[in-house]
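For reference, the structure is listed below as structure tokens.
Chain identifiers are assigned alphabetically (A, B, ...) following the order of the sequence lines, protein sequences preceding nucleic acid strands; residue numbering begins at 1 within each chain. Keep in mind it's a predicted model, so treat the numbers as computed, not measured.
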Amino acid sequence: MTVEFSELEKARYKKLLFLKDQGMELYPRKTKRTHLSSQAISEFEQSEEDGDVHVEVAGRLQSIRSMGKIVFAHIEDERGKLQLFLRRDELGDEVFGLFINGFDLGDFIQASGVMFRTRAGEISLRVEQFTILAKSITPLPAGKEEIIDGERIVHSAFTNPEARYRQRYADLAVNHDIREIFWTRSRIMRALREFLDEHGFIEVETPILQPLYGGAAAKPFTTHHQQLRQDLYLRISFELYLKRLIVGGFERVYEIGRDFRNEGVSFKHNPEFTQLEFYIAYADYEEVMMLTEQMVAFAAAKALGSTQLQYQGESIDLTPPWRRLDLRAALQKYAKIDIADFPTYASLEEIIRDQGDTLAPESTRGKLIEALLSKYVEPACIQPTIIYDYPRDISPLAKSKVDDPETVERFEVFVGGMELCNAFTELNDPVDQEQRFQEMRKDYDADDKERHPMDEDYLRAMRYGMPPNGGFGMGIDRLTMLFTDQSTIREVILFPHLRSKGGGEDK
RNA sequence: GGCCCGCUAGCUCAAUUGGCAGAGCAACUGACUCUUAAUCAGUAGGUUAUAGGUUCGAGUCCUAUGCGGGUCACCA
């Protein structure tokens, strides 16, 4: 044994040996289960005849109340709990003793018998036979729970966030509300796929390991292929690959997968996160706006049963149509600045300072505007809001407005005070695109880490001819936060990134 | 990366001005044939995150480190 058992674990290990001595197979291969807890209960409710409903159930021991010659215990399976009732005079001293002396909270048990109702009124299983399915050696960090007026109150619950994330298995085993978050997340993913599939999309998979990164402004993770002796990047977006597919003739493509960004972590940022991107040939951003509203409302209806939800104390209504504001109007309203009056970096920077604001120094006018947006507009958008028409210099892959070359057809959706989606009419002019890459390169040359590589292959694809198209990206983690009323992204990611204990040093 | 806060029994938390480190649950022993936070009696459980310092005396004060939480910065 490589790990020293604690006193508590030693006590349990002794029980394990006891059961083994008594001839029990501690970790059997086959389980016989005829009913889930909930099925056993509802079947009994149909008849209410004591002795009528015979079941075999399996689950994890969640509570044990021993009263001398009888025992009450609850087992828990994925969907519910069931009370077991064991009597010494029915089971015999020896078998009854196996339970009393051999079983602990956290053990997996299989039990069979007949359903009945106790004097206190709880539908329970009168156990005739039982066996162990898996012994628990380390005690779960379980609290005790009681039900008051139908509300579940847990005492001394396992709440330390660090411990919960590091030992998510224990968190899930003990805090069963947590499992519901991930059921909702799963329903969201299924609903999004269903929506897109029904709208004629093909789901595709593009490289995660990329020789060049692009499609977003973010620092990438780097890795290395030994045999090819090639440095590779973990993707920061799918965009450039998906649009290559539009060149290739797919008219509607989407991908759901993981992006990786080597940046700060926060309540809404995890180094790896799940993204949905789609591209539609012959569509522009207005068509994408309509589809976005429908898709998110559809996902809410499917995952929650409603397009209304509660988020951090606010009622949010996702029913289309959503409020739409152009970026200039939004900044007038929330930041009290009309950006049209300040057409240069210097003038805009001056008015921001004059208003007594302390935005960090930015390199371009577009970045200043973006800083204003995230400081003033984003937190104010509780109801779903489409902000559209962005500065060109922070949107190098988006097409300009026909009457205003400095503004592009781009929109973002904000809801619950968070950015949720980013979309635009995609730039499909290869000459213009090359110019934009050059401009970006210039802007970022000063800061080597954020320098944007020129993707020659992508430009070649575009030179073959890319149909006009509208593109879209959405963070699935944030959508899940919204749908499950969670204030941090870590709660909706099963294994969020945490610093390693005793590590964290750059080598 | 900056700043603030935290780290005490398996879990959740106490500990007055620097003065014997405690409780509930979990565990162990015993009682108990309808309990459900079962109850009752008893027992055990600690290098107070780590390393150093101040002090007659440190969970408490100081310094450093680790990990976490919050916040700011960063995040086309």
| field | Partner nucleotide, any strand, of B:A14 [Watson-Crick/G-U, under 3.5 Å] | value | none
| task | Compute the centroid of each ring, for A:Tyr390 and then for A:Phe424, and state whether the two points are separated by less than 6.0 Å. | result | no
| message | So if I take every side-chain heavy atom of A:Arg87 and compare against B:U35, B:U33, B:A27, which nucleotide ends up nearest? | response | B:U33
| So which nucleotide does B:C67 pair with, by the Watson-Crick or G-U wobble rule with both distances under 3.5 Å? | B:G6
| request: Using Watson-Crick or G-U wobble geometry with both distances below 3.5 Å, tell me the partner of B:U47, or none. | output: none
| task | Go through the N and O atoms of the side chain of A:Thr118 and the base of B:U35, and report whether any donor-acceptor pair is under 3.5 Å. | result | yes
| message | Looking only at the side chain of A:Ile394 (C-beta and beyond, no hydrogens), which of the listed nucleotides B:C67, B:A76, B:U36 gets closest? | response | B:A76
| field | Distance-only donor-acceptor test (3.5 Å): side chain A:Gln83, base B:U35 | value | yes
| message | From the set B:C67, B:A27, B:C28, return the single nucleotide nearest to any side-chain atom of A:Lys15. | response | B:C28
| query | Ring centroid separation for A:Phe72 and A:Phe85, is it under 6.0 angstrom? | reply | yes
| said: What's A:Ser66 touching, base or sugar-phosphate or nothing? Going by heavy atoms closer than 4.0 Å. | reply: base
| note | Looking only at B:U35, B:C28, B:C75, the nucleotide nearest the A:Lys367 side chain is B:C75
| message | Closest approach to the side chain of A:Phe85, judged atom by atom: which nucleotide of B:C34, B:G69, B:C13 is it? | response | B:C34
| request: Whole angstrom is fine here: how far is it from CD in A:Glu7 over to C1' in B:A9? | output: 12 Å
| Nucleotide opposite B:U36 in a Watson-Crick or G-U pair, distances under 3.5 Å | none
| request: Measure from the side-chain heavy atoms of A:Leu8 and tell me the nearest of B:G10, B:C28, B:C32. | output: B:G10
| In Watson-Crick or G-U wobble terms, both distances under 3.5 Å, what is the partner of B:C61? | B:G53
| said: From C-beta outward on A:Phe116, which listed nucleotide comes closest to its side chain: B:C34, B:C75, B:U35? | reply: B:C34
| remark: The nucleotide from B:C34, B:G70, B:U33 with an atom nearest the side chain of A:Asp89 is B:U33
| request: Please work out which of the three classes, parallel, tilted or perpendicular, describes the rings of A:Tyr285 and A:Phe411, given edges at 30° and 60°. | output: tilted
